[in-house]
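One-based numbering, in listed order, for ligands and for the atoms of each. FYI, the numbering just counts along the sequence from 1.
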Amino acid sequence: MKVNNKDMRPIWADPEDTSAVCVIDQRLLPHEFKVLTLKTVDETIYAIKEMVVRGAPLIGATGAYGVFLSTLTSGQGSVADLDTDCRKLKDARPTAVNLAWAVDRVFDAVKNLEEPEARIREARRLAAEITDEEAENCRKIGEFGLSIIRDIHKKNPGKPVNILTHCNAGWLACVDYGTATAPMYAAHDAGIPIHVWVDETRPLNQGARLTAWELGKHGVKHTVITDNAGGHLMQHGMVDLVITGTDRTTYTGDVANKIGTYLKALAARDNGIPFYVALPSSTFDWTMKNGVTDIPIEVRNPDEVSRVQGLFNGDIVSVLLPPSDSPCANYAFDVTPARLVTGFITERGVCAASEDGVMGLFPERF
Ligand code: MRU
């Protein structure tokens with residue numbers, strides 16, 4: 001996608017330094033646009049943990065580049081060192097399955113290569129390939145999701161399609177296009193009038209900061225709302241469709257996504273509003289059956305709840321919200337059971353959120 005008319009991705013191999021990887025620092029957006037350079041696996045782990053980069057497909061791509069950076073140092077020593085780095089990378093964030101998927105894919109491809117140089121070359125090539133694949137998967141998700149939006153528009157041609165989304169499942173989270181946002185961009189580019197309700201998404205406000213920034217840069221009409229507004233809007237006919245992303249989806253259809261997604265799915269069901277989840281196949285957990293009991297839910301630093309970051313007099317500042325001695329808890333994700341999900345939008349098409357539905361699109365996985 002474009003930033004100030006320049007094609008941009010949230011991660012890329014540094015063209016001027018073959019031992020470095022560049023990322024957009026998402027902690028500072030939308031108020032400051034800054035690019036950071038990663039040169040070591042520890043810097044990569046820090047970037048994932050501290051959410052310099054975030055969003056499931058991007059965490060995966062970053063993990064893949066982390067393995068490449070490891071081949072430059074520990075990988076030259078022994079495969080055991082590389083393995084240790086890969087384990088540390090995979091532990092950086094627990095919920096998004098894309099991270100382990102991408103790290104394992106690069107590690108498996110290079111672990112048997114004898115020559116350090118060959119490992120470096122292959123890890124760099126594969127990290128770039130994974131990154132490109134995720135971008136292409138999201139482009140296809142956009143095409144399949146477009147038909148859902150087009151069908152809704154056909155039923156009410158005189159009015160914009162109102163879509164609600166949670167968190168940021170946009171190009172910043174996914175290399176390009178986004179997952180939840182890809183159908184929105186595709187519809188907008190096809191001339192279908194849409195308007196997006198953007199949940200602010202406390203505590204880190206990925207909706208208010210990142211989704212609103214992305215949609216605005218692309219000229220998509222949107223309105224930022226509080227996380228608790230969605231139910232009211234749905235009751236009053238102001239939402240036609242909900243589309244979210246996901247960090248891990250079981251092969252049976254349970255969906256882990258940013259905390260608060262489950263409540264939106266409940267409200268959508270109560271109001272008869274379709275609730276779709278958009279994801280590339282890298283976000284499916286092909287081994288996990290029960291998402292509610294088994295998906296690991298990240299618990300982050302309570303300071304992210306007690307403090308809010310914003311712009312004040314031209315500076316990015318962080319302010320304290322509750323009484324300084326009130327304990328806070330920061331559950332970062334929740335799980336929406338398959339029964340509340342209307343369908344999945346994937347790079348292979350749209351399917352029911354069920355084992356049979358997923359098997360229909362990805363038979364080779366079963
Ligand atoms: O904590 P984050 O910002 O990494 O969480 C991101 C989300 O919850 C996204 O909705 C999810 O990764 C899907 S991105 C395509």
In terms of relative ring orientation, are H232 and H236 parallel, tilted or perpendicular, with 30° and 60° separating the classes?
tilted

With sequence neighbours left out, which residue pairs that include part of residues 227-242 fulfil the salt bridge (charged side-chain N to carboxylate O under 4.0 Å, His left out) condition?
K159-D240

Quick check on the 6.0 Å ring-centre criterion: do Y177 and Y185 meet it?
no

Using a strict cut-off of less than 4.0 Å between a Lys/Arg side-chain nitrogen and an Asp/Glu carboxylate oxygen, indicate whether R105 and D108 qualify as a salt bridge.
no

Is a salt bridge present between K34 and D25, judged by a nitrogen-to-oxygen distance below 4.0 Å?
no

Using a strict cut-off of under 4.0 Å between a residue heavy atom and any atom of ligand 1, list the qualifying protein residues by chain and number.
M51, R54, G55, A56, P57, R93, C167, N168, A169, A173, C174, T179, Q206, G245, T246, D247, N257, K258, F333

R119 (side chain) donor-acceptor with T71 (main chain) under 3.5 angstrom:
no

